[in-house]
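Beneath this line is the structure, given in structure tokens, with notes to follow.
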2 protein chains.
Amino acid sequence: MLVTFQGRDDGEWAIESVTLLAGQNLPTAPRLAVIEKAVPDPKPVSWQLRGTVSNLRYTTRRERSALQAVQAPLTRREATSAALIPIRKSNEWWQLAQDERREIMEEQSRHIAIGMEYLPAIARRLHHCRDLGEPFDFLTWFEFAPEHTGQFNDMLLRLRQSPEWRYVDREIDIRVSRIAADRAG
Amino acid sequence: MLVTFQGRDDGEWAIESVTLLAGQNLPTAPRLAVIEKAVPDPKPVSWQLRGTVSNLRYTTRRERSALQAVQAPLTRREATSAALIPIRKSNEWWQLAQDERREIMEEQSRHIAIGMEYLPAIARRLHHCRDLGEPFDFLTWFEFAPEHTGQFNDMLLRLRQSPEWRYVDREIDIRVSRIAADRAG
């Protein structure tokens with residue numbers, strides 16, 4: 001499934017903040033639209049990022065079972081806060097073999113284990129885009145209730161201090177809030 | 001790197017045979033063009049398949065080192081025979097976790113180990129296309145000298161009898177031979 005994220009003048013999410021953590025920033029835009037159609041309607045956009053919901057790349061069966069037991073779906077009524085975090089990793093990362101990347105990501109950095117501690121509060125969907133020729137490698141989309149913002153920030157802080165993040169060479173943290181239906185347009 | 005394979009009326013490879021092993025066939029074409037430009041020149045084609053040369057998905061550091069010690073590059077002068085084998089795997093395969101796919105592919109099927117037995121005679125490049133929305137998941141391109149055709153067929157026979165191949169639901173084996181430069185057009 002291809003998902004397109006567009007920074008533009010309309011859309012169901014208001015962009016509250018954009019924090020550049022590494023590399024180059026994106027142009028500014030007031031709103032974010034999340035589009036699950038293969039071909040979005042032609043609208044003027046400030047920026048557009050695309051990614052596919054793909055197969056698991058590192059997660060084991062045991063980890064997946066543990067995740068599935070606690071994770072929450074997207075579009076929960078109370079989850080009116082969200083974040084889009086586009087990330088690119090260095091060539092050095094992509095030249096590593098599969099077991100080397102897994103070792104850094106989980107055995108050293110506990111990426112999956114840390115994420116699991118914040119379930120079900122923080123719902124998450126990962127989109128892959130490296131093979132699409134996009135400017136980022138991953139787009140991760142998170143949804144949560146506003147009262148869980150502190151927990152979400154805590155999770156990101158831990159991940160960004162991990163050995164895996166030494167390979168992140170572009171990262172932008174885009175926080176958004178859902179616009180009430182009668183104000184969207 | 002995005003690579004486009006086109007079945008058409010011209011191109012540097014003559015299509016010698018097309019063998020349908022599973023699923024639906026492709027339209028017929030006399031020639032194959034292999035294009036490494038991002039945007040191919042607009043030419044009439046019978047079919048077109050695209051894939052990206054991407055990072056390793058299963059190969060460990062140890063296996064990669066062993067492969068790199070013996071593998072041959074593409075475009076060797078003597079390698080005038082080649083094969084394009086597009087493959088699609090079932091949804092059942094893609095729903096498996098990373099360790100489950102690795103277990104079937106290598107521990108049960110010895111996919112990497114079998115391929116290594118045929119190096120350096122058979123040069124190989126894998127292209128990923130599942131995330132591009134293409135009709136296949138992988139396009140594998142092989143190059144070899146005509147006298148190694150028997151070895152190549154032997155390798156394919158062993159792989160196709162492996163547990164991994166129970167998950168292959170579309171496969172076409174396209175054999176081609178390089179057209180001498182003064183006959184290409």
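In what follows, every chain begins at residue 1, and chains take the letters A, B, ... in the order their sequences are listed.
By the criterion of side-chain heavy atoms lying less than 4.5 angstrom apart, applied directly or through intervening Ile, Leu, Val, Met, Phe, Trp or Tyr residues, B:Leu74 is grouped together with B:Leu84 in one hydrophobic cluster. Follow the hydrophobic side-chain contacts under 4.5 Å out from A:Phe138 and you reach A:Tyr58 in the same cluster. Note on A:Leu21 and A:Leu159: separate hydrophobic clusters, where clusters join Ile, Leu, Val, Met, Phe, Trp and Tyr whose side-chain heavy atoms are under 4.5 Å apart, directly or indirectly. Linking Ile, Leu, Val, Met, Phe, Trp and Tyr residues whenever their side-chain heavy atoms come within less than 4.5 Å places B:Leu156 and B:Leu126 in a single cluster. Cluster annotation: A:Leu49 and A:Phe142 are assigned to distinct hydrophobic clusters (Ile/Leu/Val/Met/Phe/Trp/Tyr, side-chain heavy-atom contacts under 4.5 Å, transitive).
Both the backbone and the side chain of A:Ser54 come within contact range of chain B, judged by heavy atoms closer than 4.5 Å. With a 4.5 Å cut-off on non-hydrogen atoms, B:Arg102 does not touch chain A at all. Neither the backbone nor the side chain of A:Leu2 comes within less than 4.5 Å of any heavy atom in chain B.
Here CD of A:Glu100 is found 5.0 Å from CZ of B:Arg64. Values are rounded to the nearest 0.5 Å. Note: B:Thr59 OG1 to A:Gln98 CD = 8.5 Å, rounded to the nearest 0.5 Å. Between atom OG1 of residue B:Thr52 and atom CG of residue A:Asp131 there is a gap of 3.5 Å, rounded to the nearest 0.5 Å.
Considering all non-hydrogen atoms of both residues, A:Thr60 and B:Asp99 come closest at CA-OD1, 3.2 Å.
In this structure a side-chain-to-backbone donor-acceptor pair under 3.5 Å is missing from B:Arg101 to A:Arg57. Between the side chain of B:Asn55 and the backbone N or O of A:Leu96, no donor-acceptor pair lies under 3.5 Å.
Around CD of B:Gln68, the count of heavy atoms belonging to other residues, nucleotides or ligands within 6.0 Å exceeds 12.
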